[in-house]
Amino acid sequence: MMEQLQSMGFPEEMAAQALAANGGDLIKATDWLLTQDKPISTPHSNLPHIAHAQPKINRFFHFQSKPPSSIKDLNNTHQEEEEDDGQSQSLIPRKKRQKYEEKISNSSPEVAAPPPNVPLSERMRPRVLDEVVGQDHLLVKDSLLRSAIDCGRLPSIVLWGPPGTGKTSIAKAIVNSCTTGSFYQFVSLSATTCGVKDVRAAVDDARKLKQKCNKGTLLFIDEVHRFNKAQQDSFLPVIEDGSIVFIGATTENPSFHLVTPLLSRCRVLTLNPLKPDHVVILLKRAISDMDRGVVRSLYKEMKIQVNDNAIEFLSLHCDGDARGALNALEISATTAAARLTMPRTSNGDGDSLVVITLDDVKEAFQCKHLLYDRAGEEHYNLISALHKSMRGSDANAAIYWLARMLEGGEETLYIARRLVRFASEDVGLADPQALTQAVACYQACHFIGMPECNVILAQCVAYLALAPKSVSVYKALGLAQKVVKESIGQNEGVPLHLRNAPTKLMKDLGYGKGYIYPPDNPDSSSQTYLPPSLIGYKFLDWPETER
């Protein structure tokens, strides 16, 4: 903080006094210095009037907000400094100017190139919305997001999609793409690392900024579903009064994990998994980009060549996750570079050529990435697909969805329990043996576990899919429950002839009187078993001859 105040032009003693008076708060210390209308002095020195520092303050903020694009602009800045305060010392020494010139030449027009130790997926993050790939349904002309950006009136939104589809990239690119982006400051928090204190501090800063200079704050919360109800509620008033534009990112279904008041203040935008051709575009962009791409991950000046079959393998096996594909490409490049020998693989320009092969990519990937969350929405999507495939008697599809769940790491006993339920709900009386098969499958899975029980699950799934189906019992139970719930007043008591009479008093009250014992009286069809008001009511739709 001391260095920042000194770079604005304030003397060291004045800066120290300001920080001490304002508890180390840089913004308050700056305000305090600017509001001093008299010279500030100490017992040991006579400090200049505060107004003498104003030209340097103006140049400081100008330099921070708009860096010069060439060495000529740096020299112009140096001349302006000498005209303002008469000092002959350059704002940026010659060596620093040279380093800055190199930095400018190796950076994009929008932002300087990130350091090479940053992961490739982060270095290649889209800087503006036009660089985002695979989410055309959100970014086409006249879409909600594009229209809001063109008008400079950003709504609060929730970005929902699988990992690696561009949620964070879109949030960061919105500010750079907005024509009024200078009226928003971007603040990013992650629900995995911050707590209530961090959220309150960000909200307080946003309110102060709104009151002080009428500048809004675009507050991005990654993994917002990890916030509890109280933390989510803390955003409601600041979204309501416009202090912040809220952008949340989540991989979980917002309907299940975000509170209703927050959803009512935000628009939910769904991101799709990237298709292989989208991933190919991103991979080729990373290969060809000399400033941010994979070449910067290498420790020497090298050239990169990636075989087409390696790119195709990455695009097909990343499961629509661009981050996973880019990280695998970076690992492949470092693997290929490690085995490179300079004298034997040098091109005509003297630069080493790194060739990334299919084997390098397979080594980096190790195994196919599967989109599956045992506690999330994909868990319910797959079990629903398995259930419906068996109900439709498609054994091939049922076994496929079973394989997806097993490869994703699903608990085998959970699948077995669902099969037991299916045996009664969907097969039922059409094949009573199905329930026996399902229970035996559960017990076998419990006995031997994975991976040996996988074939047992597959056998049961195939049996249930091919078995005849009947939902008559399932429907009968539902209809009976509906009658019980919707009965007017209190449900009728059990008819006296159906009641047990273990005591003399109960016999005297008529319990069991008139009951016909069917084993001794085959012709007992006249006996009824339902309450009087429901006699003749049919719940189970099952032919008498098939009992």
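This one's a predicted model, so the numbers in the text were calculated from it and none came from an experiment.
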Is there a donor-acceptor pair under 3.5 Å between the side chain of [X] and the backbone N or O of [Y]?
| X | Y | value |
| --- | --- | --- |
| Ser243 | Arg207 | no |
| Gln232 | Phe227 | yes |
| Asn327 | Gly324 | no |

Pairs touching [range] that satisfy salt bridge (charged side-chain N to carboxylate O under 4.0 Å, His left out), sequence neighbours left out:
| range | answer |
| --- | --- |
| residues 261-270 | Glu240-Arg265 |
| residues 451-461 | none |
| residues 453-482 | none |
| residues 279-288 | none |

Less than 3.5 Å apart, which donor and acceptor atoms pair up between the side chains of residues 164-173 and the rest of the protein, not counting sequence neighbours?
| from | atom 1 | to | atom 2 | distance (Å) |
| --- | --- | --- | --- | --- |
| Thr165 | OG1 | Pro162 | O | 2.8 |
| Lys167 | NZ | Gly161 | O | 3.2 |
| Lys167 | NZ | Pro162 | O | 2.9 |
| Ser169 | OG | Arg125 | NH1 | 3.0 |

More than 12 foreign heavy atoms under 6.0 Å from CG of Asp308: is that the case here?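 It does not: Asp308 CG has 12 such atoms or fewer within range.
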Greater than 12 external heavy atoms within 6.0 Å of Asn309's CG: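 Atom CG in Asn309 is packed in, count exceeds 12.
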Checking Tyr463 now: which residues fulfil ring-ring contact (aromatic ring centres under 6.0 Å, His included) with it, not counting sequence neighbours?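 Scan of Tyr463 (ring-ring contact (aromatic ring centres under 6.0 Å, His included), adjacent residues dropped) gives none.
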Would you please name every residue forming a ring-ring contact (aromatic ring centres under 6.0 Å, His included) with Phe220, sequence neighbours left out?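 Applying ring-ring contact (aromatic ring centres under 6.0 Å, His included) to Phe220 gives none.
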Picking from Thr250, Leu159, Leu263, Asn253, what satisfies side-chain contact (heavy atoms from CB on, under 4.5 Å) with Val268?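 Passing option: Leu263.
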Could you list the residues that satisfy salt bridge (charged side-chain N to carboxylate O under 4.0 Å, His left out) with [X], not counting sequence neighbours?
| X | answer |
| --- | --- |
| Asp205 | none |
| Glu425 | Arg391, Arg421 |
| Asp222 | none |
| Lys212 | Asp31 |

Could you tell me whether the side chains of Thr192 and Glu223 share a donor-acceptor contact shorter than 3.5 Å?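 Glu223 and Thr192 do not have a side-chain donor-acceptor pair below 3.5 Å.
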Side chains of Arg404 and Tyr400, donor plus acceptor under 3.5 Å: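 The answer is yes; a qualifying pair exists.
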Side-chain ion pair, Arg292 and Asp289, N-O less than 4.0 Å: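 Answer for the salt bridge query: yes.
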Could you give all pairs that pass the side chain to side chain donor-acceptor pair (under 3.5 Å) test and reach residues 133-147, with sequence neighbours left out?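 The answer is Asp130-Arg146.
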